[in-house]
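To keep things clear, I will list the structure first and then write my remarks on it.
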Amino acid sequence: MRFMWPDLLWLSLILPVLVAAYVYALRRRKREAIAFTNVALVRSAIGRGQHVRRHLPPALFFLALTAALLAMARPTAVVTLPSQFLTIILAMDVSLSMRATDVEPSRIAAAREAAKAFVKEQPPDVRIGVVAFAMQAALVQKPTRDHDELDAA
């Protein structure tokens with residue numbers, strides 16, 4: 001994994017300072033605590049598990065801040081996934097300009113023959129689809145391995 005902006009990771013030095021400030025605030029609060037005459041009454045009023053629950057919001061804030069600082073550094077990873085299909089889409093121009101006869105017999109016929117030759121050169125495991133376009137694109141043949149269907153398309 002790499003970071004697009006690794007210089008922003010320096011901001012993570014703020015995190016230990018925040019933890020130290022939180023611990024300092026807790027210890028300072030203990031020194032300034034009011035003395036109660038009946039400690040058992042105070043403990044029963046606080047209840048069980050209160051010591052853990054009171055640290056939960058600062059801990060969640062700390063985790064969120066850590067995630068935000070890491071996200072600001074923009075982590076990236078290159079993952080190569082195996083591909084099961086090789087797919088080629090042939091885009092054929094069928095506009096009026098393809099009726100010109102500057103290529104024998106016409107541009108569209110030459111393009112059709114070139115596409116058929118291209119399809120014949122492909123290995124049998126390659127899926128090929130055909131899209132025709134002029135003003136809009138239209139799917140003529142969805143990707144298939146059947147060369148007869150492609151010749152008909």
Side-chain angles (χ1 to χ4, degrees), residues 1-95 97-98 108 111-112 114-153:
M1 179 170 59
R2 300 178 67 198
F3 292 98
M4 290 179 77
W5 299 333
D7 295 339
L8 288 177
L9 291 175
W10 285 101
L11 291 175
S12 63
L13 294 176
I14 294 172
L15 298 173
V17 173
L18 289 175
V19 171
Y22 180 68
V23 170
Y24 174 75
L26 289 177
R27 289 189 180 178
R28 184 172 172 214
R29 191 179 303 162
K30 282 183 182 178
R31 279 188 275 145
E32 296 174 357
I34 300 173
F36 288 97
T37 57
N38 192 349
V39 177
L41 179 65
V42 172
R43 283 190 182 151
S44 66
I46 291 176
R48 296 185 64 169
Q50 185 65 23
H51 297 291
V52 175
R53 279 187 278 163
R54 79 177 208 185
H55 299 297
L56 189 61
L60 290 176
F61 174 76
F62 180 78
L63 288 175
L65 187 62
T66 303
L69 288 174
L70 282 174
M72 284 180 11
R74 309 263 325 252
T76 59
V78 176
V79 179
T80 305
L81 299 174
S83 178
Q84 295 180 358
F85 301 112
L86 298 172
T87 304
I88 298 173
I89 303 295
L90 289 175
M92 300 290 293
D93 184 3
V94 293
S95 63
S97 66
M98 294 299 284
I108 192 74
R112 191 177 297 137
K116 286 181 180 181
F118 176 79
V119 168
K120 287 180 184 175
E121 292 176 7
Q122 299 307 312
D125 64 333
V126 175
R127 298 176 349 151
I128 301 174
V130 179
V131 173
F133 68 92
M135 296 285 284
Q136 298 177 359
L139 179 66
V140 176
Q141 176 63 52
K142 65 180 183 177
T144 182
R145 291 186 179 96
D146 188 2
H147 289 243
D148 294 332
E149 287 183 21
L150 290 169
D151 284 341

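Quick note: residue numbers are just sequence positions, from 1.
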Inset, instruction - Apply side chain to side chain donor-acceptor pair (under 3.5 Å) to S95 and list each qualifying residue two or more places apart in sequence or on a separate chain. - result: D93, S97
Legend entry - Listed once per pair and sorted, the side-chain hydrogen bond (donor to acceptor under 3.5 Å, both in side chains) pairs that draw on residues 129-145, sequence neighbours left out: Q141-E149
Legend entry - From L65 atom CG to L60 atom CG, the distance as rounded to the nearest 0.5 Å: 12.5 Å
Considering only distance and modelled atom types, tabulate donor-acceptor pairs under 3.5 Å from the side chains of residues 114-133, sequence neighbours left out.
residue: Q122; atom: NE2; partner: F118; partner atom: O; Å: 3.4
residue: R127; atom: NE; partner: T87; partner atom: OG1; Å: 3.4

Inset, instruction - Determine the minimum heavy-atom distance between I89 and P143, stating which atoms define it. - result: CD1-CG, 3.8 Å
Inset, instruction - Kindly write out the residues that satisfy ring pair (Phe, Tyr, Trp, His ring centres under 6.0 Å) with Y22, not counting sequence neighbours, or none if the list is empty. - result: H55
Would you mind writing out the side-chain donor-acceptor pairs for residues 2-17 within the sub-3.5 Å range, not counting sequence neighbours?
residue: S12; atom: OG; partner: L9; partner atom: O; Å: 2.5

Inset, instruction - Go through I88 and L86 one step at a time and tell me if the side chain to side chain contact (heavy atoms under 4.5 Å, CB included) criterion holds. - result: CA-CA 7 Å; I88 298 173; L86 298 172; over 6 Å; no
